[in-house]
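See structure below.
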Amino acid sequence: MAVLNQEQIKEIIPHRAPFLLLDEVIELEAGKRCVALKHIKESDFWFEGHFPGHPVTPGVLMVEMLAQAGCVAMLTLPENKGKLGFFGGIKEAKFRRQVVPGDVLRLEVEIVKVKGPVGVGSGTATVNGEKAVSAEISFAIK
């Protein structure tokens, strides 16, 4: 059951179609953790060119999905309401499985370090329990 639907997510982060890449948030602990879902559909914009006849979700978009989930975690803190989250860096990104139409990508981000407006999140995306991508993402809240 969703804790936040897509309309509620839009109240927290500024992303909009076609770049809002979260469908729902299923677990949320403000400032600490977010678990979101992305239902991968054949109609998703990136499949037109990646790759015709063999649709695969680009790895960089899966990292962006993790970043958006981390952004939801951080921007739900009252002191961050109305602010923006910006990428600071990506470390140790590993892509282990192709993500294709029909998959449901579970995006889990744990905030592991925050110092002032800068922080680090540890993210993992899975499909049916199988790891698709993992990465450490750093961010700045402004």
Side-chain angles (χ1 to χ4, degrees), residues 1-52 54-77 79-142:
M1 181 172 210
V3 172
L4 299 173
N5 63 32
Q6 200 171 59
E7 290 305 309
Q8 293 166 312
I9 293 168
K10 288 195 266 186
E11 293 174 12
I12 299 166
I13 63 175
H15 302 76
R16 297 295 183 265
F19 216 69
L20 177 58
L21 301 175
L22 304 178
D23 291 326
E24 59 187 309
V25 170
I26 59 171
E27 297 177 30
L28 179 61
E29 192 175 349
K32 297 184 189 241
R33 184 171 176 272
C34 179
V35 180
L37 299 179
K38 173 63 179 161
H39 300 269
I40 307 298
K41 300 176 289 306
E42 198 168 320
S43 61
D44 285 328
F45 72 88
W46 55 86
F47 289 133
E48 185 177 335
H50 197 272
F51 300 100
H54 188 83
V56 177
T57 302
V60 294
L61 289 182
M62 290 188 285
V63 172
E64 173 65 23
M65 292 172 198
L66 288 170
Q68 288 183 20
C71 199
V72 168
M74 290 306 298
L75 296 183
T76 52
L77 289 169
E79 62 267 30
N80 291 334
K81 184 174 176 63
K83 294 184 179 179
L84 298 174
F86 294 93
F87 252 130
I90 304 165
K91 282 182 164 179
E92 303 295 324
K94 292 190 174 44
F95 305 95
R96 304 178 188 280
R97 160 194 213 288
Q98 292 182 1
V99 176
V100 299
D103 286 345
V104 176
L105 198 57
R106 178 185 167 98
L107 305 141
E108 186 168 347
V109 177
E110 181 180 350
I111 306 303
V112 295
K113 180 180 175 185
V114 177
K115 186 171 182 174
V118 177
V120 176
S122 175
T124 304
T126 58
V127 175
N128 295 323
E130 186 179 346
K131 194 179 287 187
V133 62
S134 59
E136 179 182 282
I137 50 178
S138 59
F139 57 86
I141 303 294
K142 296 189 181 215

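Checking each of His39, Gln6, Lys38, Gln8 against Glu24 for a side chain to side chain donor-acceptor pair (under 3.5 Å) leaves exactly one that passes, namely His39.
For Ile141 against Gly85, the heavy-atom pair with the smallest separation is CD1-CA, 4.0 Å. Taking every heavy atom of both residues into account, Phe139 and Val120 meet most closely at CE2-N, 3.4 Å. Considering every non-hydrogen atom in both Val109 and Gly121, the closest pair reads CG1-CA, 4.3 Å. Contact record, Leu105 with Ala132: CD1-CB, 4.2 Å, taken as the closest heavy-atom pair. Thr124 and Thr126 get closest at one heavy-atom pair: CG2-CG2, 4.0 Å. When every heavy atom of Pro18 is checked against every heavy atom of Phe45, the shortest pair comes out as O-CE2, 3.1 Å.
Between Arg96 and Glu130 there is no salt bridge, since no side-chain nitrogen of the basic residue lies less than 4.0 Å from a carboxylate oxygen of the acidic one.
Counting heavy atoms from C-beta on, the side chains of His15 and Leu21 never come closer than 4.5 Å. Counting heavy atoms from C-beta outward, Leu20 and Ile13 have side chains that approach closer than 4.5 Å. Contact of the Lys41 side chain with the Phe47 side chain is not registered, since no non-hydrogen atoms from C-beta on lie closer than 4.5 Å. Contact of the Ile111 side chain with the Lys32 side chain is not registered, since no non-hydrogen atoms from C-beta on lie closer than 4.5 Å. Looking at Met65 and Val99, their side chains never come closer than 4.5 Å, going by heavy atoms from C-beta outward. Using a 4.5 Å cut-off on side-chain heavy atoms (C-beta onward), Phe19 and Leu61 make contact. Residues Glu136 and Lys113 are not in side-chain contact: their nearest non-hydrogen atoms beyond the backbone lie 4.5 Å or more apart. Between Val60 and Trp46 the shortest side-chain heavy-atom distance does not fall below 4.5 Å.
Atom CG of Asn128 is separated from atom CZ of Arg106 by 11.5 Å, given to the nearest 0.5 angstrom. Taken from CG in Leu4 to CD in Glu27, the straight-line distance is 12.0 Å, to the nearest 0.5 Å. Taken from CD1 in Ile12 to CE in Met74, the straight-line distance is 13.0 Å, to the nearest 0.5 Å. Between atom OG of residue Ser134 and atom CE of residue Met62 there is a gap of 10.5 Å, rounded to the nearest 0.5 Å. Atom CD1 of Ile26 sits about 9.5 Å away from atom CG of Leu107, to the nearest 0.5 Å. A distance of 12.5 Å separates SG in Cys71 from CG in Leu66, rounded to the nearest 0.5 Å.
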| query | Can you list the steps and then say if Val56 with His50 is a side chain to side chain contact (heavy atoms under 4.5 Å, CB included)? | reply | CA-CA 6 Å; Val56 177; His50 197 272; 4.2 Å; yes
| task | Quick one: do Val72 and Leu22 satisfy side chain to side chain contact (heavy atoms under 4.5 Å, CB included)? Show the steps, please. | result | CA-CA 10 Å; Val72 168; Leu22 304 178; 4.0 Å; yes
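Within 6.0 Å of atom CD in Glu48, 12 or fewer heavy atoms from other residues, nucleotides or ligands are found, so the atom counts as exposed in its surroundings.
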